[in-house]
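What follows is one structure encoded as structure tokens, with my remarks underneath.
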Amino acid sequence: MEDKAILLPSERQVEWADCEIGVIIHLDLQTFDPNYDAKPYDSSPVKLFDPDTLDTDQWIRIAAEGGAKYAVLTAKHGTGFTLFPSTANNFSISNAPYMNGKGDVVASFVASCKKYGVRPGIYYNTSVNNYYGIKRGVSKDGNEENTKAYGRAVLRQLEELYGNYGEFFEIWFDGGCLPPEQGGPDIVPLLKKYQPNAITFQSPPFVPNGIRWVGNERATAEFDCWSTVGYSRDSFDGITETVRSGDPYGEIWRAAEADTPGRDAKASYAGGWIWRAGEDHTVFSAEELFDKYLNSVGRNCNLLIGMVIDRHGLCPTADADALRGLGRLVSEHFGSPVATYEGDMTKTEYHLKVSDGRSARYLVVMEDIAKGERILDFSLDCGISGHCIGHKRIIRLPEGTSEVRFKINDAKDTPILRGIWLF
């Protein structure tokens, strides 16, 4: 085995990988009017926001029952409307009829996360804001003064978000952040000051604890998906094939998060991310979500599932049932191994056998990623092979498999497994 450079993740990146499943919760003005027509500097649509039974406890309880260890709330999506009180403009929950302008969904969400032991995350899209007429971080009509005004509003709102609600586990930018040298707001100092430990999705380059997009909204990773990349071109530069699959010799640790709406994108409003009445039939079944789990968590990614909130302020029954069903399936399939290897975790070959006459459906292998991704090539005696293991690899086995030999054929240095099991 060659002695090659081994990149190490931060403690927070290891903690994030161990979470495996999260939810991203969407609630915006279109929830109340799917025909919402955005117009720059028109604050009248805030009157649409008036859920009658909003219950963040219900959201997070369902997320936890689905196996989610963290939740990300869309505090400000593309409309520009904020689910938290903001002094930056009149386009916030403070001017909505909900709770007579005294509501704060972000504060309620954070409290519910603490109540149910789910780590809170926040989404604030800096690249699109219909209220300011912004697309890709700049004014749609080319007005530089408007772009600057928007930048000032972003900094004020992010300071409100980052500074008033405690520590966020993950911060989502979505679409990247226009860098200051191109006229975008300089958000890095705010991150360093208020949220230095947060996992950051599509953040400015070289911000600590970064993660990248898997490259699609189907929660399907490449068969071999490394946690390291040369440079993640997420900030308005698109995404390349190299970034989708990662690079075993990459220069930064930027593991992939695999997101999916909870509803079929082709048959649902807003790509399945935002609720619309009459679309319960488009909700992915628990079995479909479980397949996405295998193709994301099982390929060294985290799975982030969209959770819609209806006009009442609740997660609909159909979506809740599917998420709970996913939690049950993961527990049923991976709760109790039928064979476990116990012993030296630095070998290059492992033999596991089911002793009671049953067969195994999955082989699960985990590297100790705190020591880096070391394995470069592996194979099974049943003819299956691959390259990346990383945090977790779930391998579907041929029907009737009762024993497996797992062999590491190449590695950067001595491989260090965290565990290997049959389920």
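Counting from 1, the numbers follow the sequence of the chain as shown. Quick note: numbers below take in every heavy atom, side chains included, and nothing from hydrogens, waters or symmetry partners.
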Salt bridge or not for Asp356 and Arg358, using N-O below 4.0 Å? yes
Close aromatic pair by centroid cut-off 6.0 Å: Phe49 and Phe81: yes
For Asn209 and Ala198, work out which heavy atoms get closest and say how close. CB-O, 3.3 Å
Would you say that more than 12 heavy atoms from the other residues, nucleotides or ligands in this model lie under 6.0 Å from the NZ of Lys407, or not? no
Give, for atom CD1 of Ile134 and atom CG of Asn146, the distance between the pair rounded to the nearest 0.5 Å. 5.0 Å
Between Tyr350 and Lys347, is there a donor-acceptor pair closer than 3.5 Å when you use the side chain of the first and the backbone of the second? yes
Going by the angle between their ring planes, with limits at 30° and 60°, are Phe423 and Trp421 parallel, tilted or perpendicular? tilted
Strictly distance-based, threshold 3.5 Å: is any side-chain N or O of Glu159 a donor or acceptor partner for the main-chain N or O of Arg156? no
For Glu349 and Arg405, what are the C-alpha separation, side-chain angles and deciding distance, and is it a side-chain contact (heavy atoms from CB on, under 4.5 Å)? CA-CA 7 Å; Glu349 189 167 336; Arg405 291 187 183 276; 4.2 Å; yes
For a quick check under 3.5 Å, do Asp57 and Ser112 share a side-chain donor-acceptor pair by atom type? yes
State whether the side chain of Arg374 and the backbone N or O of Ala411 hold a donor-acceptor pair below 3.5 Å, judged by distance alone. no
Just by distance, with hydrogens left out, do Trp273 and Glu217 show a side-chain donor and acceptor under 3.5 Å apart? yes
Using a distance-only test with no angle check, is there a side-chain donor-acceptor pair under 3.5 angstrom linking Asn302 and Ser296? no
Suppose the criterion is ring pair (Phe, Tyr, Trp, His ring centres under 6.0 Å): which pairs have a residue in residues 118-139, not counting sequence neighbours? Tyr41-Tyr131, Tyr41-Tyr132, His77-Tyr123, Phe91-Tyr131, Tyr123-Trp172, Tyr132-Tyr150
List the atom of Leu326, the atom of Ala286, and the distance in Å for their closest heavy-atom pair. N-CB, 3.7 Å
If we only count heavy atoms from C-beta on, is the Leu178 to Arg136 side-chain gap below 4.5 Å? no
Side chain proximity check, Arg244 to Val214, heavy atoms < 4.5 angstrom: no
With a 4.0 Å cut-off, would you call Glu20 and Lys392 a salt bridge? yes
Has the side chain of Glu403 got a donor or acceptor atom that lies under 3.5 Å from a matching backbone atom of Val354? no
Any sub-3.5 Å donor-acceptor pair from Lys292's side-chain atoms to Arg218's backbone N or O? yes
For the residue pair His391 and Asn300, confirm or rule out a side-chain donor-acceptor distance under 3.5 Å. no
Salt-bridge present (Arg418, Asp18; N to O < 4.0 Å): yes
Calculate, to the nearest 0.5 Å, the distance between atoms CD and CD belonging to Glu167 and Gln195 respectively. 6.5 Å
Could you check whether any side-chain N or O of Glu367 sits under 3.5 Å from a backbone N or O of Glu373, counting only pairs where one atom can act as donor and the other as acceptor? no
I'd like to know if the side chain of Tyr269 reaches the main chain of Pro34, judged simply by a donor and an acceptor atom lying under 3.5 Å from each other, with no hydrogens or angles considered. yes
Check whether more than 12 heavy atoms from other residues, nucleotides or ligands sit under 6.0 Å from atom CD of Glu399, and answer yes or no. no
Which atom of Trp253 lies closest to which atom of Leu8, heavy atoms considered: CE3-C, 4.1 Å
So, is the end of the Arg393 side chain (NZ or CZ) under 6.0 Å from the ring centre of Phe223 and within 45° of the ring's axis? yes
Closest non-hydrogen atoms of Ile420 and Leu352, given as atom of the first, atom of the second and distance, are O-CD2, 3.6 Å
Interatomic distance, Arg212 atom CZ to Cys225 atom SG [nearest 0.5 angstrom]: 4.5 Å
Is Arg12 salt-bridged to Glu15, cutoff N-O under 4.0 Å? yes
Under 3.5 Å side-chain donor-acceptor pair for Asn295 and Thr220: no
Would you tell me whether Asp264 and Thr282 have side-chain atoms, one donor and one acceptor, within less than 3.5 Å of each other? no
Interatomic distance, OG1@Thr126 vs CD@Gln157, rounded to 0.5 Å, equals 11.5 Å
Cation-pi geometry met for Arg119 and Tyr70 (6.0 Å, 45°): no
Aromatic contact between Phe406 and His351, with the criterion being ring centroids under 6.0 Å apart: yes or no? no
With side-chain hydrogen bond (donor to acceptor under 3.5 Å, both in side chains) as the test, would you mind laying out the steps for Ser379 and Asn409 before giving the verdict? CA-CA 7 Å; Ser379 59; Asn409 302 309; 3.2 Å; yes
So, Thr401 side chain and Pro398 main chain: donor-acceptor pair closer than 3.5 Å or not? yes
Any idea which heavy atoms bring Val110 and Tyr165 closest together, and the distance? CG1-O, 3.9 Å
Aromatic contact, Phe378 with His387 (centres under 6.0 Å): no
Look at the side chain of Ser86 and the backbone N and O of Ala88, then say whether any donor-acceptor pair between them is shorter than 3.5 Å. yes
Val297 and Val330: CA distance, side-chain angles, deciding distance, side-chain contact (heavy atoms from CB on, under 4.5 Å) verdict: CA-CA 11 Å; Val297 175; Val330 172; over 6 Å; no
Compare all side-chain heavy atoms of Leu54 with those of Leu314 and state whether any distance is below 4.5 angstrom. no
Ignoring hydrogens and geometry, is there a side-chain-to-backbone donor-acceptor pair from Trp16 to Cys19 under 3.5 Å? no
Test ring-ring contact (aromatic ring centres under 6.0 Å, His included) applied to Phe201 and Phe173, step by step: CA-CA 6 Å; Phe201 177 87; Phe173 291 101; 9.0 Å; no
Evaluate whether atom CD of Glu11 has more than 12 neighbouring non-hydrogen atoms of other residues, nucleotides or ligands under 6.0 angstrom away. no
Can you tell me how far the OG1 atom of Thr56 sits from the CZ atom of Arg61, to the nearest 0.5 Å? 10.0 Å
Test: Lys135 and Asp141 ion pair at under 4.0 Å: no
As a quick check of understanding, evaluate side-chain contact (heavy atoms from CB on, under 4.5 Å) for Glu342 and Thr340, giving each step before the final call. CA-CA 6 Å; Glu342 297 179 352; Thr340 302; 4.1 Å; yes
Using every non-hydrogen atom in the two residues, find where Cys388 and Asp224 come nearest and quote the distance to one decimal. N-OD1, 2.8 Å
